[in-house]
Amino acid sequence: MLAVHLVSFYFSKLQEDPTKKVDRFLHAMRLGDDQLRDISARFLAEMKKGLSSESNAAAAVKMLPTHVRSTPDGSEKGQFLALDLGGSKFKVLQVKVREGMGIRKGGVGMEEKTYPIPKELLNGKGSELFDHVAESLKDFLQERNIDMEKKHPLAFTFSFPCGHTKLDQGFLLNWSKRFRVRGLQDKDVVQALRDAVDRAGGMDVEVLAMVNDTVATMMTCGFDDKHCDVGVIIGTGTNACYMEALRNVDLVEGDEGRMCVNTEWGGFGDDGTLKDFITEFDQNVDAASNNQGKQIFEKMISGMYLGEIVRLVILKMANLGLLFDGHVSDALRTKGKITTADVAAMEEYKTGLKNTKNILVGLDLTPSQDDCIAVQHVSTIVSFRSSNLVAAGLVAILTRIKENRKSRTLTITVGVDGTVYKTHPQYAKRLHKVVRRLLPECQVRFLLSDSGSSKGAALVTAVAQRLATRRKQVDETLCPFRLSQEQLLLVKSRMRAGLEAGLESEGPSAIKMLPSFVYHTPDGTERGKYLALDLGGTNFRAMLVKFRKGLQQSTRLYHKIYTVPPEIMQGTGEELFDHLAECISDFLDYMGIKKARLPAGFTFSFPCEQTALDTGSLVSWTKGYKATDCEGHNVVEMLREAIKRRNDFDLDIEAFVNDTVGTMMSCAYEDPQCGVGLIAGTGSNVCYMEERDAKTQRMCINTEWGGLGDDGSLDDIITPFDVEVNRNSVNPGKQRFEKLTSGMYLGEVVRQVLLDLTRGGLLFRGHVTEALKTPGIFETKYLSQIESDRLALLQVRCILQQLGLDSNCDDSIIVKEVCGVVSRRAAQLCGAGMAAVVDKIRENRGLDHLDITVGVDGALYKLHPHFSQILEETTRLLAPQCDVTFMPSEEGSGKGAALITAVALQKQGM
Ligand code: 0WK
Ligand code: 0WK
Ligand code: BGC
Ligand code: BGC
């Protein structure tokens, strides 16, 4: 009875527009934007689950790392063989990228042949399938007289989910589409191909890369459009890949750069995530498939299933008397009788209805005009749902990329291929429209891969070759910077020999070992108010230091920093000291102590020969200084004269110390065990308390270790890049050790290496820009920024951008690596030098084991993310009998100078 009422109700409706009844019947398939956004959000959540190592194993959306780390940058070239297996056609191709006859400039030439795959092989043994592939390849080579002796690089597009460990190794997770081959699951597919090629014999083929068809499609489109970071296949099967930030791909080592991830979105919903969108027709398709419960999303979208869904819908409507007056034919009950090509034909704009009629008649049905309209509309709704679901998936991927780029908008290109997308009328347009409607703030371009995916696969191989070649060439270039322990021990012994030689010789020696006339480290009894002047590597500081009674060691310190302009650094000595006197005058004004004739300590971070604590004549300028009429002059006197010239304040310079000495004293005030002062800043130097033997009075020696190598003793580790830096410096031949270790030069060493790599075409696409040729443009502070772990590569690229260096991801990885090896070498060399110094002190004291503290200052030590740690590790490694504590100096060497002044005055009983 109820059935009768139902049928009569429907009949009453029949008079109306036949599409209306279909809309009602298939309302579950008509997805609104809110539902699509909901599906998109669910897919985004699944993507994150697939990327995370915690939840990957259970994730339905596998998010497979592909080990493709970069999209084409236009420098790829070469000839490749290619195999394209897994889509509707199996193809063998020869791909010539920018090479060979008739290839238009920058173009790609391809020759291809499609080889059928016998049905039985689709469910046969894996070895048989690959024997067929290898035989087809051999036939292709013979047919085209391609030299069989020559080694041919081969790119393999394999359109099934594989777990890659590297570009040329991938383990099959499961088959999909029509393939149900035995014996290859969880096996390395590349090895299976190699074995088959060996079995076929007579050809020398090197399988360099295996990629999924989505990846190859992205690369194919990336060749013409550098915004292409997504690849989508809507063909027999469906899938998508995109460039993900490597730091988010937990399954692969490393945080730097990007990696293409094959989402395998066909599996979306395999864990029930889409159950509220699965219709009974989808359940029937799945139940009848050869992989039940698997590829749920694919079965709602791809060409292998659309025809079947339409057939099942029509069959149900016919059974319910909603079509063909309830007449059902065996053909209509037969699986696969309506193909996706039929669905496309029914949707043809002009001939769609006629095609629909022919197809239904072909199914032994006698459709009315309204039946045809209704069936055509069923096709529309089914394929519309397919393009809508693809849109929802794509919106999730594009949203993910936008998040990775931390930007509100996005300009991106999506490379697409697949028969459904290519041949189904309206499909592409619908897809584009929905994506742009759901992501209005994004500029999304869709680029059809016009020549299949093999061009892309060849490009992956070309990129892999380019990356491998580049990796090798970069390694060769950077190898001289990677010092072995033996080399570091050699540097330690040469430093030791240099220290000893400097102590022995009266005459000039590479390491000058300058006496400082500082005999004691502070003992806490220091009292009073002192002015401290500190001419360092980068600026000049004036300080007022007060040591007070009562609480142990309380110090009050006021200071002001003044820059020393390059023209003053490289002007006349008079101008320089007038500038210093002016700064001091300004400071005394600022402190309101102009009239107070204070005792002063003067820290001067340059090599000076001293005959007493309060005098010193400059041996030679270092770092960026070149002021005239100073070298060989008593610089304390020069300052006094400058003050006299000003005649608006006066002070008594009681102590004149090197910044290493000031730093050691400053730290010794906190830690009496401090017997060494190290500066790792603009310059590089160390001082220590030398005590030849029990008899000789202890004195602090300013080693000026920056001069090690000025006698050629470091020529075996000095690289051509260092030679270049030295040649361009204001003091060529001098301070060779400093030029390998200090902030003044590290940036220049990096620039020289980048210049060389760029000239070699390994960086910045070989563009040697003016910026890169500009000395001093790559300041050492950039090394610190670029090497900080917190900095994503994008930010590295911003820094390079600021320097006028337009880089891509790979470039910034290499720039970061170059910065790393240069700063690591610097820290290791300082560690080797320090090991020599502390071991000398240990032997001086005749100890088997020495505990000592090193006071340290300088921007390189304090600000570089890794320098201090590598320096400390190297010191401990090379001086195992010394327990060395490194103590960053809080108040700089000025306090140290004031302390020395205090000690000096106390000695004079004042
Ligand atoms: C053409 C590509 C191939 C891919 C196919 C997918 O060259 O790698 O598998 O598109 O589309 P289908 O042939 O399954 O429709
Ligand atoms: C701070 C000290 C100063 C020394 C400077 C070295 O107070 O005497 O010259 O450190 O570091 P730089 O400024 O060269 O990085
Ligand atoms: C496979 C994917 C492939 C897609 C398109 C799916 O069945 O799992 O690896 O990319 O089909 O060919
Ligand atoms: C100078 C040293 C100074 C070091 C650190 C070197 O260039 O020669 O005197 O200690 O820089 O500032």
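Just so you know, residue 1 is the first one in the sequence shown, and it goes up from there. Remember, predicted model here, so these are calculated numbers, not experimental data. We count ligands from 1, going down the list as the structure has it; atoms in each ligand are counted the same way.
In Ile233, the part holding a heavy atom less than 4.0 Å from any atom of ligand 1 is the side chain. When non-hydrogen atoms are compared, ligand 1 lies under 4.0 Å from the side chain of Ser159 (C-beta onward) but not from its backbone. Looking at Asp534 against ligand 2, only its side chain comes within 4.0 Å, counting heavy atoms.
Between Lys177 and ligand 3, at least one N/O pair is under 3.5 Å apart. Looking at ligand 1, you won't find any N or O of Thr157 less than 3.5 Å from one of its N or O atoms. At least one N/O-N/O distance between Ala859 and ligand 2 falls below 3.5 Å. For the pair Ser893 and ligand 2, the shortest N or O to N or O distance falls below 3.5 Å.
Closest protein heavy atom to atom 6 (C) of ligand 3: Glu298 OE2, 3.1 Å. Closest to atom 4 (C) of ligand 3, if we only count protein heavy atoms, is Asn239 CB, 3.6 Å. Counting only heavy atoms of the protein, atom 2 (C) of ligand 3 lies nearest to Glu264 OE2, 3.2 Å. Shortest contact from atom 14 (O) of ligand 1 to any protein heavy atom: Thr236 OG1, 2.6 Å.
Among Leu533, Thr682, Val657, the residue whose heavy atom lies nearest to atom 12 (P) of ligand 2 is Thr682. The option with the heavy atom closest to atom 5 (C) of ligand 3, from among Thr217, Asp213, Val211, is Asp213. Between atom 6 (C) of ligand 2 and the options Leu535, Thr660, Ile679, Asp857, the minimum heavy-atom separation is to Ile679.
Figure legend: Lys91 and Phe140 shown without cation-pi pairing, the cationic atom not lying both under 6.0 angstrom from the six-membered ring centre and within 45 degrees of its axis.
Other residues, nucleotides and ligands contribute more than 12 heavy atoms inside 6.0 Å of the NZ atom of Lys560.
If you number the atoms of ligand 1 from 1 as listed, the ones under 4.0 Å from a heavy atom of Gly452 come out as 7 (O).
Distances from ligand 2 to the non-hydrogen atoms of Arg541 include at least one value under 4.0 Å.
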